[in-house]
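All remarks here apply to the structure that follows.
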Amino acid sequence: MRNRRKTVLKRRALVALGIVALLLIIWIGYGLTHKKPEVNTAKGVKQLQALEKQKVADAQDRIVQAQGLNEVSAAELEATDTDELNARYENTIVMGDSVAEGLEGYGVLDASRVVASRGNSVANLEEYEEAVISLAPANVVMSYGLNDLKSLNEGDDSTRFIEEYSAGIDHLQEQLRDVKIFICSITPVSEAGIAGWGPFSKTGEFNDAIQQMCREKEVTYIDNTSLVKDYAEDGIHPGPSFYEPWAVMIADRAEL
């Protein structure tokens, strides 16, 4: 009787061990098939770096499109922390041609502060002024002239340019009674650029006319000539080093 009882207990123990072993096998198998993926920080860093390169590429595309360049290096488009500068431009709009557009393209100012486009001239000022007026800014910075020089016929002077510029300023002042207007000088063109189109040599003459217009209309003239240290590949537009100092100069002169 005692031996039989031992045999039964032994069988029960073996069954229990078998069940435990089976459960252990099932648990191990589940763990293997549902293994948590390892966190690959190196891969994540690479993805972030790729995103940053894409941001640079996007900015490069904007500059190429705006200024007709063949290539702009990533180093030239290195991101700069311009939050403080953008804060100074609150309630201020910069309007103009591809030179002004470079403030956005090079990441110096946010798109909300720039109303500019390649090919703009004082001849189509009114078209863009309506967009500016709808924003009701306290300050408007205007930068025009290169395309007006490019459209000159032989023997033309600054007369028509100043007439159209003056009319544009008058329109802004009529629609925005308390607006403060700041007019930037035309950026100088390189010798190579002048060789490609002779009228670019009249930049100085046109800037003198702009200064006289500003005195008569009692608006502020901002001479940015000294800031042009290098040029884009076309020899017409300022290089990347121009834009942040230009934005700072404007902000300082306008007391933004």
Side-chain angles (χ1 to χ4, degrees), residues 62-63 65-68 85-106 108-152 156-187 202-203 206-224 236-238 242-243 246-247 249-251 253-256:
R62 288 197 299 272
I63 292 299
Q65 190 174 32
Q67 301 187 350
L85 187 54
N86 273 280
R88 295 182 70 181
Y89 275 79
E90 185 178 4
N91 211 16
T92 297
I93 295 294
V94 180
M95 60 183 303
D97 52 25
S98 53
V99 175
E101 190 179 34
L103 289 167
E104 175 195 348
Y106 283 113
V108 175
L109 293 181
D110 294 340
S112 61
R113 274 106 170 131
V114 181
V115 177
S117 183
R118 179 185 180 186
N120 278 3
S121 70
V122 295
N124 67 339
L125 256 177
E126 189 171 341
E127 176 185 347
Y128 285 84
E129 282 184 329
E130 296 310 313
V132 173
I133 290 166
S134 69
L135 297 170
N139 310 292
V140 174
V141 179
M142 304 175 78
S143 175
Y144 290 92
L146 283 182
N147 293 312
D148 300 278
L149 288 168
K150 200 170 183 180
S151 65
L152 288 179
D156 285 349
D157 60 18
S158 61
T159 302
R160 183 175 178 181
F161 169 74
I162 293 299
E163 288 176 353
E164 292 175 328
Y165 217 155
S166 294
I169 293 170
D170 290 343
H171 183 61
L172 281 176
Q173 291 176 327
E174 288 169 5
Q175 300 299 315
L176 301 170
R177 294 291 182 180
D178 298 320
V179 70
K180 293 181 180 179
I181 294 177
F182 305 88
I183 308 295
C184 293
S185 64
I186 304 170
T187 52
K202 295 187 177 184
T203 298
F206 272 53
N207 280 335
D208 288 342
I210 292 173
Q211 279 187 279
Q212 180 61 32
M213 176 190 70
C214 289
R215 283 192 289 268
E216 293 174 357
K217 304 190 84 61
E218 297 183 346
V219 297
T220 302
Y221 174 77
I222 300 176
D223 186 356
N224 49 39
I236 299 170
H237 296 85
F242 168 76
Y243 285 94
W246 184 35
M249 172 187 275
I250 293 170
R253 288 294 312 279
E255 298 181 349
L256 303 181

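- Of all heavy-atom pairs between G96 and A100, the closest is CA-CB, 3.9 Å.
- The two residues Y221 and Q211 come nearest to each other via the heavy atoms CE2-CG, 3.1 Å.
- Counting only heavy atoms from C-beta outward, the side chains of E101 and N120 never approach each other to under 4.5 Å.
- Distance check: D97 CG to S143 OG gives 5.5 Å after rounding to the nearest 0.5 Å.
- Atom NZ of K180 is surrounded by 12 or fewer heavy atoms from other residues, nucleotides or ligands within 6.0 Å.
- Side chains of S151 and N147 form no contact here, defined as non-hydrogen atoms less than 4.5 Å apart.
- Not counting sequence neighbours, D223 has no partner by the salt bridge (Lys or Arg N to Asp or Glu O under 4.0 Å) test.
- Minimum interatomic distance between V179 and L172 (heavy atoms only, all atoms of both residues): CG1-O, 4.1 Å.
- Among all heavy-atom pairs drawn from A247 and L103, the shortest one is CB-CD2, 4.0 Å.
- One distance of note links CE of M95 with SG of C184; it measures 12.0 Å at 0.5 Å rounding.
- Rounded to the nearest 0.5 Å, atoms CD (E129) and CD (Q175) are 9.0 Å apart.
- Here CE of M142 is found 6.5 Å from CD1 of I181. Values are rounded to the nearest 0.5 Å.
- Taking the ring-ring contact (aromatic ring centres under 6.0 Å, His included) definition, one finds that Y89 meets it with nothing, sequence neighbours left out.
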Exercise. Go through the steps to decide whether R113 and R88 satisfy the test side-chain contact (heavy atoms from CB on, under 4.5 Å), and finish with yes or no.
Key: CA-CA 11 Å; R113 274 106 170 131; R88 295 182 70 181; over 6 Å; no
Exercise. List the steps and the verdict of side-chain contact (heavy atoms from CB on, under 4.5 Å) for I183 and K217.
Key: CA-CA 11 Å; I183 308 295; K217 304 190 84 61; over 6 Å; no
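- Counting heavy atoms from C-beta outward, T187 and W246 have side chains that stay 4.5 Å or more apart.
- Rounded to the nearest 0.5 Å, atoms SG (C214) and CD1 (I169) are 6.0 Å apart.
- With a 4.5 Å cut-off on side-chain heavy atoms, S98 and L146 do not count as touching.
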Self-check item: Intermediate values then yes/no, side-chain contact (heavy atoms from CB on, under 4.5 Å), I250 and F182
Solution: CA-CA 8 Å; I250 293 170; F182 305 88; 5.6 Å; no
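- Between Y128 and S117, the shortest heavy-atom distance links the atoms OH-CB, 3.7 Å.
- Between Y243 atom OH and L109 atom CG the span is 11.5 Å, to the nearest 0.5 Å.
- The only option from T92, T220, N91 that meets the side-chain hydrogen bond (donor to acceptor under 3.5 Å, both in side chains) definition with N139 turns out to be T92.
- Side-chain atoms of S166 never come within 3.5 Å of backbone atoms of E163 as a donor-acceptor pair (strictly under, hydrogens ignored).
- Within 6.0 Å of atom CD in E90, 12 or fewer heavy atoms from other residues, nucleotides or ligands are found, so the atom counts as exposed in its surroundings.
- For the pair H171 and E130, the minimum side-chain heavy-atom distance is below 4.5 Å.
- Residues D148 and I186 form no side-chain contact, since every pair of their non-hydrogen atoms from C-beta on lies 4.5 Å or further apart.
- In terms of heavy atoms, L125 sits closest to E164 at CD1-O, 4.0 Å.
- Two residues are said to be in side-chain contact when any heavy atoms from C-beta on lie closer than 4.5 Å; E216 and I162 fail this criterion.
- Note on ring orientation: taking the six-membered ring where Trp is involved, the planes of Y144 and Y165 are perpendicular (angle over 60°, cut-offs 30° and 60°).
- Checked for salt-bridge contact, D157 and K202 miss the test: no charged N lies under 4.0 Å from a carboxylate O.
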Practice problem: I would like to know whether L152 and F161 meet side-chain contact (heavy atoms from CB on, under 4.5 Å); could you show each step before the answer? | Solution: CA-CA 10 Å; L152 288 179; F161 169 74; over 6 Å; no
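- Inter-residue side-chain proximity for V99 and P238 is flagged as met; some heavy-atom pair is nearer than 4.5 Å.
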